[in-house]
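Written out below as structure tokens is the structure these notes cover.
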Amino acid sequence: MFTSTDSRLWLAVHLLYPHASQAFDIYQGIVQQSESLINQNKKEAIFAKLVQVMERIPPVSSNLAFQEFEFDQIDQWKVIYKNSQKNQLVIFVGVLIFEMKMLEIAPLLKLSPDKAQFLFHQVFKKLAQNSSKLKYNEQLNFKKQNDLKISYLYTYENLIEYCLGLLSEEDHEKVRAGLELYPILQVTKEEYSRIINQIQNL
């Protein structure tokens with residue numbers, strides 16, 4: 001995915017600060033203050049610095065949003081950025097770019113891990129619900145029974161971590177089985193995977 005802490009920081013700053021000049025200034029400021037942490041690839045410490053900066057410096061509004069990515073497909077991120085709270089964006093960046101766990105991210109934002117996880121899930125769910133591919137879910141039977149007792153809700157609630165590869169082997173297999181039982185969730189999985197791949201392939 002990302003080769004260094006420096007590349008993670010560069011990408012995260014440019015996603016959180018759409019105005020290219022402001023993003024560059026903030027990136028340079030963090031690099032100058034934390035060069036030894038970057039050289040030692042201490043990504044958790046650099047993410048903590050980024051959180052501190054986000055608390056102090058609000059993004060500048062700009063009609064030229066995300067100039068640094070003009071040749072990349074970031075349409076999904078534009079929607080996420082527009083419709084998410086600041087702490088949701090920080091959590092998203094922490095998980096997808098810095099590859100941190102919710103237990104590491106939550107204290108930095110003064111949130112419980114459960115609240116941080118809820119906010120993270122909301123980013124994906126709001127975006128996926130706006131997808132035209134998911135509009136046909138009119139007559140889904142949510143009470144479908146199965147021998148393995150894998151519910152629709154269990155599969156749905158664990159789908160994001162499934163796409164990120166964060167589940168235990170046992171839970172991964174349960175979600176995989178759930179996807180076979182509830183084909184509509186395969187469409188949701190594709191949407192979630194598309195969001196993740198778009199950011200990780202910038």
Just so I know, are the side chains of [X] and [Y] near enough to count as touching, which here means a heavy-atom distance under 4.5 Å?
| X | Y | answer |
| --- | --- | --- |
| Tyr81 | Pro59 | yes |
| Leu50 | Leu16 | yes |
| Leu15 | Ile97 | yes |
| Leu179 | Lys189 | yes |
| Leu111 | Leu119 | yes |
| Ser112 | Lys115 | yes |

Which pair of non-hydrogen atoms, one from [X] and one from [Y], has the smallest distance, and what is that distance?
| X | Y | answer |
| --- | --- | --- |
| Cys163 | Ile196 | CB-CD1, 3.7 Å |
| Pro58 | Gln22 | O-NE2, 3.0 Å |
| Ala106 | Ala116 | CB-CB, 4.0 Å |
| Val51 | Leu108 | CG1-O, 3.7 Å |
| Ala23 | His14 | CB-CD2, 3.8 Å |
| Tyr17 | Val53 | OH-O, 3.6 Å |

Whether the [X] and [Y] side chains hold a donor-acceptor pair (N or O, under 3.5 Å, no angle test) is what I'd like checked.
| X | Y | value |
| --- | --- | --- |
| Tyr27 | Asp6 | yes |
| Gln33 | Gln28 | no |
| His121 | Gln88 | no |

Does any N or O in the side chain of [X] come within less than 3.5 Å of the main-chain N or O of [Y], such that one atom is a donor and the other an acceptor?
| X | Y | result |
| --- | --- | --- |
| Lys43 | Thr5 | no |
| Glu161 | Leu166 | no |
| Ser168 | Asp171 | yes |
| Glu104 | Met100 | no |
| Ser34 | Val31 | no |
| Lys174 | Ile150 | no |

Spacing of [atom1] belonging to [X] relative to [atom2] belonging to [Y], to within rounding of 0.5 Å:
| X | Y | atom1 | atom2 | value |
| --- | --- | --- | --- | --- |
| Gln117 | Ile160 | CD | CD1 | 8.0 Å |
| Glu180 | Thr155 | CD | OG1 | 10.5 Å |
| Lys125 | Glu157 | NZ | CD | 3.5 Å |
| Ile91 | Gln85 | CD1 | CD | 8.5 Å |
| Ser151 | Tyr182 | OG | OH | 6.0 Å |
| Ile80 | Ile199 | CD1 | CD1 | 5.5 Å |

Option from Tyr152, Tyr192, Tyr162 for which side chain to side chain contact (heavy atoms under 4.5 Å, CB included) with Leu185 holds: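 Result: among Tyr152, Tyr192, Tyr162, Tyr152 is the only option passing the side chain to side chain contact (heavy atoms under 4.5 Å, CB included) with Leu185.
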Within one Ile-Leu-Val-Met-Phe-Trp-Tyr cluster: Phe24 and Trp10, side-chain cutoff 4.5 Å: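 In one cluster with Phe24: Trp10, no.
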Residues that Tyr156 engages under ring pair (Phe, Tyr, Trp, His ring centres under 6.0 Å), provided they are two or more places apart: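 By the ring pair (Phe, Tyr, Trp, His ring centres under 6.0 Å) rule, Tyr156 matches no residue at all.
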Worked check of salt bridge (Lys or Arg N to Asp or Glu O under 4.0 Å) between Glu191 and Arg194: CA-CA 5 Å; Glu191 287 297 301; Arg194 194 158 64 92; 3.1 Å; yes
More than 12 heavy atoms of other groups within 6.0 Å of Glu173 CD: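 Count over threshold, so yes.
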Mutual orientation of the aromatic rings belonging to Phe98 and Phe47 [parallel < 30°, tilted 30-60°, perpendicular > 60°]: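 If you compare the ring of Phe98 with that of Phe47, the planes turn out tilted.
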Phe120 and Phe92 aromatic ring geometry - parallel, tilted or perpendicular at 30°/60° bounds: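 Tilted, since the angle between the ring planes falls between 30° and 60°.
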Test: Glu99 and Arg8 ion pair at under 4.0 Å: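 Looking at Glu99 and Arg8, the cut-off is met.
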side-chain contact (heavy atoms from CB on, under 4.5 Å) assessment of Leu37 paired with Lys49: CA-CA 10 Å; Leu37 293 174; Lys49 293 273 185 191; 4.2 Å; yes
